[in-house]
Amino acid sequence: MPTVTRRTAFPKVLIERDSDSEQSSSEEETFEEEEEEDEDGVTAAKTEKLELGSDANKKGKAPITISLKKVCKVCKKPGHEAGFKGATYIDCPMKPCFLCKFPGHTTLTCPHRATTEHGVVPAPRRRSYKPLEYVFERQLRPALPSIKPKCVIPDQVNCAVIRYHSRRVTCLEFHPTKNNILLSGDKKGQLGVWDYGKVYEKVVYGNVHSCILNNMRFNPTNDCMVYSASSDGTINCTDLETGISSSPMNLNPAGWQGPNTWKMLYGMDVNCEKGLVLVADNFGFLYMVDMRSNHSISDAILIHKKGTKVVGIHCNPIQPDILLTCGNDHFARIWDMRRIEPGSSLYNLEHKRVVNSAYFSPITGTKILTTSLDNRLRIWDSIFGNMDSPSREIVHSHDFNRYLTPFKAEWDPKDPSESLAVVGRYISENYNGAALHPIDFIDISTGQLVAEVMDPNITTISSVNKLHPRDDILATGSSRSLFIWKPKEKSEPVEEKDERKIVVCGTADKKRGKKNGNDSDESDDEGFMSKSKKSKSKTDWKLSRCSTKDNC
DNA sequence: ATAGGATGTGCCC
DNA sequence: TGGGCACCCTCCTA
């Protein structure tokens, strides 16, 4: 009988108790007792915390410790507790600052958190001639405007919410010409096409990929077609009207042969001038697909450390021969497409941890913005300058990868001074009693936090963000939801401001009872707002009405 | 209501 | 070089 066998092998059980007062916690008694027949739940019901010895399951002999002590969730030591107290997270004093990684203080008192500067660390600058200057000589546009235009950030925004992905959103892309069209990809490989001007209409193509859709790019010669790269190892080219896909590349033609051979495609970009789709895999290799023939045109080229994921590829907007890649080998690398082979990178930009994204600035292509898991945004002000170290490092909380789509700081494509970036924030702040994770607008020339966007109804972390190429619109992917943020019209009433100086805040809760939305629309709320949100408040999202339920 | 599981990276051995 | 395990603010389902 299985139970008999189990009982004979059952380990000893240690019970640690904690008296009520903190002071006596060090002298609480610890005793052992043999496990009796009634092990099912009697003790467990009384315990505040139950710990199994880490080896207990495997060896069957190690004692099981049932701890009644209050211990810190982070370091497992008694005497203090870490975790949320209301909407404020109490740090474990045994750990260094979670935000800036420097010792000597906790996250709560981190100077990079307390100020709006978010920790700008200037780097030494040196002027020197670099190969890139010669490459750029002819193409380089006139210098940036010498006087930086003032950032116009609205005081208040409206937010539309739509929830039609069955798994978390992994990437977003605005249509290059049709202003109201947003594409979204998810972890399941589905592709959403959303016209947020006609919010009753939506399309989700469920069979584009079989797992994570990591990146999307429009075909520059036919904006009805979109290329997508997926962890299923394929590039697909999907017709947005019909949803019909072709597969110009499949790196796993033989199917699943185990994790050591299964290739996943992450970083992708389109090189318009050469008519190429560039894509890279999780083993460090770059592939190229010719867009006219829809066929792979070259052998795989090792561009990052062998066996590591290449998560980002970006072609320079001015000089398409220049390529920027980044990945899990802690480097962003600059390449000349005309001679790209293992080790031929022009520059290797070192980071302390994984580089989630690396982008050239959108207009001149001369700046570089990277997001690294070491909680820092890095900016190289000019690729003609000193590339040995970044011009600035901005401490920003985004060190979290598991469960979430990786954070990527994105340029504002409309900002002529190329100084505004948007990035979601991992760490939460207490906003009137709610722990919220804002989306930050950061002036990357100063490190200043220009705006933080949040809404009391949105409690999830918004790790995917994209600014519209022409309009004042921000698209956000947060867990399975999509949000569209838009400045409030001047005629609309502006709510009282939060105590914080910098606030761009959805005001759903505050507007209760004062709604200027359309009552008859309420029945349509089903499906685009989750039930919990609906029950909390009737909101007056200006933009969205998505009529049908989640169809994924 | 709440416990548990999926999950990626880092680091250690 | 690879298995194993730990991991600070998840988020969804059963």
Side-chain angles (χ1 to χ4, degrees), chain A residues 41 44-45 47-59 71-77 80-101 105-108 110 113 163 165-170 186-188 211-212 214 231 258-260 262 264 266 282-284 305-311 327-330 351-356 371-375 396-407 424-431 434-438 454 458-464 477-481 530-533 550 552:
Chain A
T47 56
E48 293 173 277
K49 187 168 178 62
L50 179 121
E51 288 180 359
L52 295 181
S54 58
D55 291 331
N57 287 338
K58 280 182 214 153
K59 297 176 184 167
V71 295
C72 171
K73 280 194 297 192
V74 177
C75 70
K76 312 285 189 286
K77 294 199 171 69
H80 63 275
E81 286 180 85
F84 276 108
K85 281 270 191 294
T88 304
Y89 190 90
I90 307 299
D91 294 295
C92 169
M94 311 301 282
K95 295 278 183 176
C97 175
F98 181 62
L99 177 55
C100 72
K101 318 289 186 192
H105 61 271
T106 64
T107 318
L108 208 57
C110 176
R113 181 177 186 166
R163 180 179 184 274
H165 277 282
S166 61
R167 292 289 180 272
R168 68 166 201 254
V169 175
T170 53
D186 74 12
K187 192 168 166 290
K188 212 174 168 185
C211 61
I212 311 180
N214 289 308
S231 292
N260 294 331
W262 184 262
M264 303 190 251
Y266 284 85
N282 57 326
F283 293 112
K305 185 181 172 188
K306 198 171 184 180
T308 64
K309 199 155 65 171
V310 182
V311 293
N328 283 20
D329 64 353
H330 300 196
H351 293 69
K352 290 204 177 64
R353 284 185 64 196
V354 166
V355 189
N356 287 346
T371 309
S372 170
L373 270 189
D374 66 355
N375 267 354
H396 184 264
S397 169
H398 47 249
D399 173 14
F400 205 69
N401 226 15
R402 204 169 41 154
Y403 317 122
L404 295 179
T405 306
F407 291 89
R425 196 193 305 172
Y426 169 55
I427 201 166
S428 69
E429 295 285 351
N430 183 345
Y431 295 96
L436 301 177
H437 308 266
M454 85 290 288
I458 301 171
T459 54
T460 49
I461 293 174
S462 304
S463 52
V464 190
S478 189
S479 186
R480 288 151 51 162
S481 305
S530 69
K531 283 171 192 156
S532 63
K533 283 172 190 163
D550 183 348
C552 298

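By convention in this document, chain letters (A, B, ...) are assigned in the order of the sequence lines, proteins followed by strands, and residues within each chain are numbered from 1.
- Distance A:Lys188 NZ to C:dC11 C1': 16 Å, rounded to the nearest Å.
- Proximity of A:Lys309 to the phosphate of B:dT9: a side-chain N or O atom is located under 4.0 Å from OP1 or OP2.
- Whole-Å rounding puts the A:Asn260 CG to C:dT1 P distance at 13 Å.
- Here the side chain of A:Ile461 is nearest to one of B:dT9, C:dC8, C:dT10, namely C:dT10.
- Rounding to whole angstrom units, CG of residue A:Asn328 and P of B:dT7 are separated by 17 Å.
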- side-chain contact (heavy atoms from CB on, under 4.5 Å) assessment of A:Cys211 paired with A:Met264: CA-CA 10 Å; A:Cys211 61; A:Met264 303 190 251; over 6 Å; no
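- One can place NE2 of A:His398 at 17 Å from P of C:dC8, the figure rounded to the nearest angstrom.
- Straight-line distance from the NE2 atom of A:His437 to the C1' atom of C:dC8: 12 Å, rounded to whole Å.
- Here B:dA6 presents its P atom at 16 Å from CZ of A:Phe400, a figure rounded to the nearest Å.
- If you check B:dG10, C:dC9, C:dC11 against the side chain of A:His330, the one that comes closest is B:dG10.
- Nearest to the side-chain atoms of A:Val354 among the listed nucleotides C:dC8, C:dC11, B:dG10 stands B:dG10.
- Computed from coordinates, the A:Arg480 CZ to B:dT7 C1' distance equals 16 Å when rounded to whole Å.
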- Given the rule in the side-chain contact (heavy atoms from CB on, under 4.5 Å) test, do A:His396 and A:Arg425 qualify, once you have shown the distances and angles that lead to the verdict? CA-CA 7 Å; A:His396 184 264; A:Arg425 196 193 305 172; 4.1 Å; yes
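- Protein atom CG of A:Asp329 is 12 Å distant from nucleotide atom P of B:dT9, rounded to whole Å.
- Considering only side-chain N and O atoms, A:Arg402 lies nowhere under 4.0 angstrom from the phosphate OP1 or OP2 of C:dT10.
- Because its NZ or CZ atom is not both nearer than 6.0 Å to the ring centre of A:Tyr89 and within 45° of the ring axis, A:Lys85 does not count as a cation-pi partner of that residue.
- Taking side-chain N and O atoms only, A:Tyr403 has no distance below 4.0 Å to OP1 or OP2 of B:dA6.
- Between A:Lys187 and B:dT7 there is a side-chain polar atom (N or O) within less than 4.0 angstrom of OP1 or OP2.
- Nucleic acid contact for A:Pro96: base, since at least one base atom lies under 4.0 Å from a heavy atom of the residue.
- Here, C:dT10 and B:dC11 have their C1' atoms 23 Å apart, quoted to the whole Å.
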